[in-house]
Structure formats: structure tokens, C-alpha cells
J.: 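First the structure, which I've put down as C-alpha cells, then a few questions once you've had a look.
Note that this is a predicted model, so its numbers are computed, not measured.
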There are 2 protein chains.
Amino acid sequence: MKYPLSIQNLISHFSQLPTVGPKTAERYVFYLLKQDPETLQKFALALSELKEKTTICQNCLAIAESDPCSICADDKRNKSTICVVDGSRDMMAIESIEKYNGLYHILGGVINAIEGIKEDQLNIKQLIEKIKKNNITEIILALNPDMEGETTAMYLTKLLKEYNIKITRLAKGLPMGANLEYADEITLANALKYRNEL
Amino acid sequence: MKYPLSIQNLISHFSQLPTVGPKTAERYVFYLLKQDPETLQKFALALSELKEKTTICQNCLAIAESDPCSICADDKRNKSTICVVDGSRDMMAIESIEKYNGLYHILGGVINAIEGIKEDQLNIKQLIEKIKKNNITEIILALNPDMEGETTAMYLTKLLKEYNIKITRLAKGLPMGANLEYADEITLANALKYRNEL
């Protein structure tokens with residue numbers, strides 16, 4: 001004997017989500033079974049509308065409500081600085097600290113030999129077009145400080161050299177609350193290498 | 001700047017699920033954004049149909065496709081044995097090993113002082129009705145071997161004593177692959193107490 005088909009069906013949908021296995025999916029479905037039908041209908045509607053109500057901003061390539069997105073359309077933002085990020089979520093992380101007033105460019109990934117993601121699959125052409133057409137003074141490479149992020153940053157630095165723009169990247173060092181004793185070697189080495197004068 | 005409303009909306013729905021925080025919900029939503037619209041529509045349909053296509057079997061009280069459910073309606077099952085479980089998921093776990101041929105009774109919870117679940121909130125009345133009406137020879141208490149499960153099992157054992165039925169519970173002992181050295185004290189004590197003759 002198995003679960004009713006409608007339960008099995010929903011379990012298999014939830015199981016497709018990243019990090020969700022059949023047991024977790026089961027847990028989600030049994031939680032939902034306890035909710036009132038209206039909540040479920042709203043959840044279903046939110047799912048079905050997800051794609052319809054979002055678009056891609058053709059300027060920064062972020063997922064947005066409108067094209068251009070509210071950042072690209074904002075006259076108060078500094079249009080001469082572009083922050084290059086992997087995806088929309090990294091953009092949101094930077095936006096959330098409310099310290100950056102420039103524009104963004106979504107790369108749509110990073111160079112990854114293992115997953116077979118090459119430079120020509122990233123939104124690099126659009127970045128270069130932007131640099132050529134606009135008066136850009138700084139490109140901030142805000143990529144993750146890991147193998148793939150570093151490789152991509154190195155590739156972009158080389159590529160963008162000829163345009164004579166200031167290219168920067170996010171600082172490396174100890175995160176807040178870190179413990180020197182437990183910091184990994186690379187982090188500690190970076191913290192020493194990039195030490196600041198007081 | 002925030003995510004588009006449709007994304008925020010779906011994130012908040014996913015965040016309601018057990019163990020899912022806003023970051024995980026965000027991850028789910030961004031995964032779904034990459035899927036084709038058809039997949040999303042099917043997922044949404046599965047969600048909205050969840051409650052419509054399931055019912056409660058009025059005999060065993062399990063969530064089922066039909067009432068009575070396929071187990072209660074099955075003539076080949078032994079109707080004189082009832083396995084009492086917390087919920088439908090525990091019933092499914094026992095069904096999956098394909099070693100049990102009796103019926104089930106869903107208790108709908110266990111006595112839990114902390115969460116304020118008392119015996120009168122459980123489906124105990126229905127269990128006693130069943131015992132009175134049918135020729136039941138054995139009640140298997142298949143509750144979790146924790147505080148709440150044990151309390152509930154003790155309560156039921158006392159309550160059912162007067163009906164002169166064999167009352168059993170699942171064996172306690174070492175799980176397969178366990179390591180004596182790392183087994184907790186209670187498990188080890190149970191393994192010793194309930195040791196089997198070879």
C-alpha cells in the first residue's frame with residue numbers, strides 16, 4: 001500500500017527542490033495536509049504566478065518585477081559603477097546592507113570546470129557592451145572567494161584590462177566574530193596579506 | 001530594494017514549512033525560477049488538489065484516497081489485529097516493510113504535557129468502539145520509544161486491560177549497524193533487559 005496518488009504526486013514535486021529528499025518532502029506534505037484549503041490555494045497560486053509576474057531586466061539581467069528593474073531605473077544611483085555578481089541572490093545580499101549605490105551586472109554563474117560552465121555561457125558579452133557604451137569608471141567583482149569565483153575574477157580582470165577601468169574586488173580577511181585559532185589557513189593568510197594600516 | 005512581490009510571496013509560503021527558514025525558501029524559489037513554466041503549473045496543481053483528492057478513512061482514521069481506505073477494505077487482511085500508530089506516516093513506515101497483515105488505528109498524536117496534548121484529544125474513543133464491536137485479539141502499540149510514546153503506551157495499556165486483549169508493543173533494543181560503544185545508556189539497558197534466547 002502506498003500514499004494516495006495526490007500525496008505521492010506532491011511529494012515528488014517537493015523532492016525536486018534542492019536539498020529536499022523524499023522524507024523531507026513527506027514532512028512538508030503532511031504539514032500542508034493540516035493547513036486549511038485556502039492556505040494551500042494561495043500557495044498554489046503563488047507558485048503558478050511565479051514566472052508570469054517576474055521578468056529579466058535587460059540592463060542588469062537580474063530577475064525583476066519590471067524591465068528595466070527598479071535599480072537600473074533609479075536616477076539617484078551612480079551609473080558609473082557596476083558591481084558584477086554571480087546571480088540575483090548575491091545582488092540582493094549586497095542591496096540588503098544598503099551601502100552600495102551603483103548598478104549591478106548579473107553574470108549568471110561563474111566559470112566551473114567540474115560543472116562544465118565556460119566563460120561563453122556567462123553574460124560577459126553584455127558587460128563589455130555596457131562598458132563600451134557607457135562611461136563606467138569602476139567594476140567591482142563581487143564573486144564568492146572560492147575556486148570558481150577566483151578563476152572567474154581572474155578571467156574578467158584580464159579581459160577588462162584594455163578598457164582602462166578601475167577593477168576592484170571584495171576584501172578578503174577574517175569575518176566578524178571569527179576566532180583566529182579556528183580560522184582556516186587561507187583565510188588567515190589573506191587576513192595577514194591584506195592587513196590594514198591603523 | 002526587495003525581491004519582486006511574486007518572489008517574496010512564494011518565499012513566505014515556503015518559509016511556513018517545517019524546518020524551512022527564509023534562506024532555504026529563497027533557495028527553493030530560485031531553483032523553481034529556473035524550471036519551465038509547465039513544471040511550476042503541475043506543482044501548483046498538485047498543491048491545490050492535495051486536500052480535494054484525499055479523505056480520512058472512517059475506520060482507521062488514516063489519510064487515504066477513499067473511505068474505507070485500501071487497507072481496511074482489503075479482505076485478505078487480518079481484521080483481528082490492530083496496530084496503533086501516532087499518524088499516517090508511521091503507518092506507511094510499517095506498511096513499507098511488508099511484514100504486517102493486520103489493520104491500523106491512527107491515534108492522531110501522543111500524550112504530550114509540554115505541547116498540552118491530552119488523552120481526550122487522541123482517537124482513543126474510536127479505538128475502544130472498535131474493540132467493543134469487533135473480535136479483536138491483539139493490539140500492537142507501535143508508538144515511538146520516547147517519553148511521549150511511552151506515556152501514551154502506558155495509558156493505553158491501563159485503559160485496555162479490562163477488554164482482555166493481548167497488548168503488545170514494538171521491541172526495544174539495538175538498531176541494526178549499531179555500535180555498542182556508542183549506544184546510549186537506555187538503548188543498551190533495554191537491549192540487555194529484553195535479550196533473546198538463542
J.: Quick check: are there more than 12 heavy atoms from other residues, nucleotides or ligands sitting under 6.0 Å from OH of A:Tyr194?
T.: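 Atom OH in A:Tyr194 is packed in, count exceeds 12.
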
J.: Does atom CD1 of A:Ile186 have more than 12 heavy-atom neighbours, drawn from other residues, nucleotides or ligands, at distances under 6.0 Å?
T.: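 No, the 6.0 Å shell around CD1 holds no more than 12 heavy atoms from other groups.
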
J.: Quick check on the hydrophobic clustering: are A:Val84 and A:Ile111 connected, directly or via other members, by side-chain heavy-atom contacts under 4.5 Å?
T.: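 Linked, A:Val84 and A:Ile111 end up in one cluster.
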
J.: Output the distance between atom OG (B:Ser88) and atom CG (A:Leu33), rounded to the nearest 0.5 Å.
T.: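 Separation between the atoms: 8.0 Å.
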
J.: If you group Ile, Leu, Val, Met, Phe, Trp and Tyr by side-chain heavy-atom gaps below 4.5 Å, do B:Ile136 and B:Val85 land in one group?
T.: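 No, no single cluster joins them.
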
J.: Is any side-chain heavy atom of A:Leu5 closer than 4.5 Å to a side-chain heavy atom of B:Glu65?
T.: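 Contact flag for A:Leu5/B:Glu65 side chains = yes.
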
J.: Quick check: do B:Ile63 and A:Phe30 have side-chain heavy atoms less than 4.5 Å from each other?
T.: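 SC-SC contact between B:Ile63 and A:Phe30 confirmed.
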
J.: Decide yes or no on side-chain contact (heavy atoms from CB on, under 4.5 Å) for A:Lys53 and B:Ile7, but give the supporting numbers first.
T.: CA-CA 9 Å; A:Lys53 294 214 176 167; B:Ile7 292 183; over 6 Å; no

J.: Quick check for you: among A:Glu49, A:Glu52, A:Lys42, which has the greatest number of heavy-atom pairs under 4.5 Å with chain B?
T.: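 Ranked by contacts with chain B, first place is A:Lys42.
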
J.: Can you tell me if B:Lys166 has over 12 outside heavy atoms packed within less than 6.0 Å of its NZ?
T.: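 No - once you tally the heavy atoms of other residues, nucleotides and ligands closer than 6.0 Å, there are 12 at most.
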
J.: Below 30° counts as parallel, above 60° as perpendicular, anything between as tilted: where do the rings of A:Phe43 and B:Phe14 land?
T.: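 The arrangement is perpendicular - the two ring planes meet at more than 60°.
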
J.: Inspect the surroundings of CD1 in A:Ile114 and state if more than 12 heavy atoms from other residues, nucleotides or ligands are less than 6.0 Å away.
T.: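 Count not over threshold, so no.
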
J.: Are B:Leu170 and B:Val110 connected, step by step, through hydrophobic side chains (Ile, Leu, Val, Met, Phe, Trp, Tyr) whose heavy atoms are closer than 4.5 Å?
T.: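 Different hydrophobic clusters.
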
J.: Give the minimum heavy-atom separation between A:Pro4 and B:Thr54, together with the two atoms involved.
T.: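 Scanning both residues, the minimum pair turns out to be CB-CG2, 4.1 Å.
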
J.: Could you check which of B:Thr24, B:Leu17, B:Thr55 has the highest count of heavy-atom pairs closer than 4.5 Å to chain A?
T.: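 So the answer, after comparing B:Thr24, B:Leu17, B:Thr55, is B:Leu17.
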
J.: Just so I understand: if I count every heavy-atom pair under 4.5 Å between each of B:Leu50, B:Leu40, B:Asn9 and chain A, which residue has the most?
T.: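 Most pairs with chain A among the choices: B:Leu50.
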
J.: Examine distances only and state if a side-chain atom of A:Lys51 and a backbone atom of B:Leu32 form a donor-acceptor pair shorter than 3.5 Å.
T.: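 Pair absent, no side-chain N/O of A:Lys51 close to backbone of B:Leu32.
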
J.: Set out, in order, the CA-CA distance, both residues' side-chain angles and the distance that settles side-chain contact (heavy atoms from CB on, under 4.5 Å) for A:Gln16 and B:Tyr28, then state yes or no.
T.: CA-CA 9 Å; A:Gln16 304 302 316; B:Tyr28 291 172; over 6 Å; no

J.: Any chance you could measure A:Leu47, atom CG, to B:Ser6, atom OG, to the nearest 0.5 Å?
T.: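 Between A:Leu47 CG and B:Ser6 OG, I get 11.0 Å after rounding to 0.5 Å.
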
J.: In terms of hydrophobic clusters joined by side-chain contacts under 4.5 Å, are A:Met154 and A:Leu122 together?
T.: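 No, it is not one cluster - the side chains of A:Met154 and A:Leu122 are not joined through contacts under 4.5 Å.
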
J.: Using 0.5 Å steps for rounding, measure from the CE atom of A:Met92 to the CD atom of B:Glu26.
T.: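 Here the rounded value is 8.5 Å.
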
J.: Where does A:Val29 contact chain B at under 4.5 Å (heavy atoms): side chain, backbone, both or neither?
T.: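 Both the backbone and the side chain of A:Val29 come within 4.5 Å of chain B.
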
J.: Please report the C-alpha distance between A:Tyr3 and B:Glu95 in whole Å, then the side-chain angles of each, then the deciding distance to 0.1 Å, and finally whether the side-chain contact (heavy atoms from CB on, under 4.5 Å) criterion is met.
T.: CA-CA 10 Å; A:Tyr3 284 123; B:Glu95 275 300 285; over 6 Å; no

J.: With a 4.5 angstrom heavy-atom cut-off, which part of A:Ser66 approaches chain B: side chain, backbone, both or neither?
T.: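 Nothing of A:Ser66, per the 4.5 Å heavy-atom cut-off to chain B.
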
J.: About how many Å separate NE2 of A:His13 and OG1 of B:Thr39, when rounded to the nearest 0.5 Å?
T.: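 Result: 8.0 Å between the selected atoms.
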
J.: Between B:Ala46, B:Pro37, B:Ser12, which residue shows the highest count of heavy-atom pairs closer than 4.5 Å to chain A?
T.: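 Answer, by heavy-atom pair count under 4.5 Å with chain A: B:Ala46.
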
J.: Do B:Ile94 and B:Ile82 share a hydrophobic cluster, counting only Ile, Leu, Val, Met, Phe, Trp and Tyr and linking them when any side-chain heavy atoms are less than 4.5 Å apart?
T.: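 No, because B:Ile94 and B:Ile82 fall into different hydrophobic clusters, even though each may have its own neighbours under 4.5 Å.
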
J.: Above 12 or not: heavy atoms from other molecules or residues under 6.0 Å from CG of B:Leu192?
T.: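 Yes - once you tally the heavy atoms of other residues, nucleotides and ligands closer than 6.0 Å, there are more than 12.
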
